[in-house]
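Worksheet for the structure shown next.
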Amino acid sequence: MALSLDFTNMFLPGVVTDAEWSESAGRLRGAHDAVMERHARGELGFIDLPEDQALLEQTTRYAERARGRWTDVVVLGIGGSALGPIALRTALRPFGWNGLSDEARAGNPRLHVLDNVDPDTITATLATLPLDRTLFLVISKSGGTAETMAQYLLVRGALDARFGARAVEHLVFVTDPAKGSLRPIATRESIAALDIPANVGGRFSVLSPVGLLPAALIGIDVTALLAGAADMRRRCVDGDLATNPAGTFAVLQWLAHARHGRGIHVLMPYADPLRDFAAWFVQLWAESLGKILPDGTSVGPTPVPALGATDQHSQVQLFMEGPADKTVTFVAVAGREARGPIPALHADVPDLAYLGGHTLGELLEIERRATAGALAARGRPNMTLTLDTVDPWHVGALIQFLELATAYAGELYGVNAFDQPGVELGKRFTYGMMGRPGFEAARDEFAALPQSDASRRI
Ligand SMILES: O=P(O)(O)OC[C@H]1O[C@H](O)[C@H](O)[C@@H](O)[C@@H]1O
């Protein structure tokens, strides 16, 4: 099986019980039906992305036309408009854009993702780019996010100064088909623009042109990415706990949390290419599930990113002996046992000699199994997702798996997984303080808050 989930270590004494598991079959069926009803009403467009040929063609056509023209592609975006492109780049163009020789990049451009408004990073990035060979992708579902708009204004200023009327050739927008500020600018100035379907939310958008366009531009096979996602979608086509992997993951995480207080959900790939998937998953799980219920109760799991084997020397101590409030999901990659043969040197030094004749791939996988076993021995629940290999097909399947699991988990927690009202207040305060018209009340509300007290500063 291309992507499998081993959840044996969730059934430990004091964690998920067989009785809870059998009772959950009806619960998953209910969650699945609720998700599919919303989908049938035209919501949750992420479910359709794996089979959206029109968007795929829009993307590949643009990438084909751009081939050979650019040495550097820069994504301007934040949150869901940046984490997906970063995760795809790390997974499928591993070792970082700057670690690949020109030869290994096979003529594909380097991909930079700004993902913030730190003045030092942006100034340094813009200063080092060959502007005449650089394409900027302005990615924003809402077409109005302050950070992305600020990045755009900076870049636009530099492009206008350098290229005048031809500045627009260095820009492509990826945004909502109708809403937001970017769309009218694109229409007015004939800037290329690709669509994020209206019913696809930012953190569920990686399989739309948000992730597909940057990926296609750096030579990733986006058709295979969607094919892997479509396969996972088919595996999750009904709400049967015995066959639906995303449903199984969601139910187990929810049971561990709601019934056994394990609300911290660690995602720990044992593969460098998948390290940024953990950050992408953090936004998906946190922003979707951390909510207030109608009765006023706050709910939601806390996702934590980790990396094996690196975090065995950091966070694993806490996972083993800290509060029993966590689940750990390992992500393993099969078939790497022969990679990285370790030379048999220093036969007289026991601390080194036993490693000789093994491989790095073997060591990494054995360390993962040892950590999973050690956690289980201490009653700490864990599961393992195994990918046959890290390629576009498997990465697509992994994306769809975690997105569907999030949709199911939303139903299990009783929250709407597709909004994020909690981030609005901070945004309104920002707009107020930045002097955006219409946000004077927010500016005043912020000013009336208890301000920094000199006696409580050192
Ligand atoms: O893609 P955009 O509309 O610019 O949104 C970027 C980000 O903005 C907000 O902070 C939302 O909470 C995120 O879910 C979103 O990913």
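Numbers here simply count residues along the sequence, with the first being 1. Remember, it's 1-based here, ligands and their atoms both numbered in the order they're listed.
Checking each of R183, R156, R166 against E189 for a salt bridge (charged side-chain N to carboxylate O under 4.0 Å, His left out) leaves exactly one that passes, namely R156. Looking at Q312, R368, R275 one by one, the single match for side chain to side chain donor-acceptor pair (under 3.5 Å) with Y270 turns out to be Q312.
Every pair passing salt bridge (Lys or Arg N to Asp or Glu O under 4.0 Å) that includes a residue from residues 136-145 is listed here, sequence neighbours excluded: K141-D176.
Within 4.0 Å of ligand 1, protein heavy atoms come from I78, G79, G80, S81, S140, K141, S142, T145, R203, Q283, E287, Q420, V423, K427.
Between L3 and P245 there is no side-chain heavy-atom pair separated by less than 4.5 Å. Contact annotation: the side chain of L55 approaches that of P197 to within less than 4.5 Å [non-hydrogen atoms, C-beta and beyond].
Aromatic ring centres of Y152 and F173 lie closer together than 6.0 Å.
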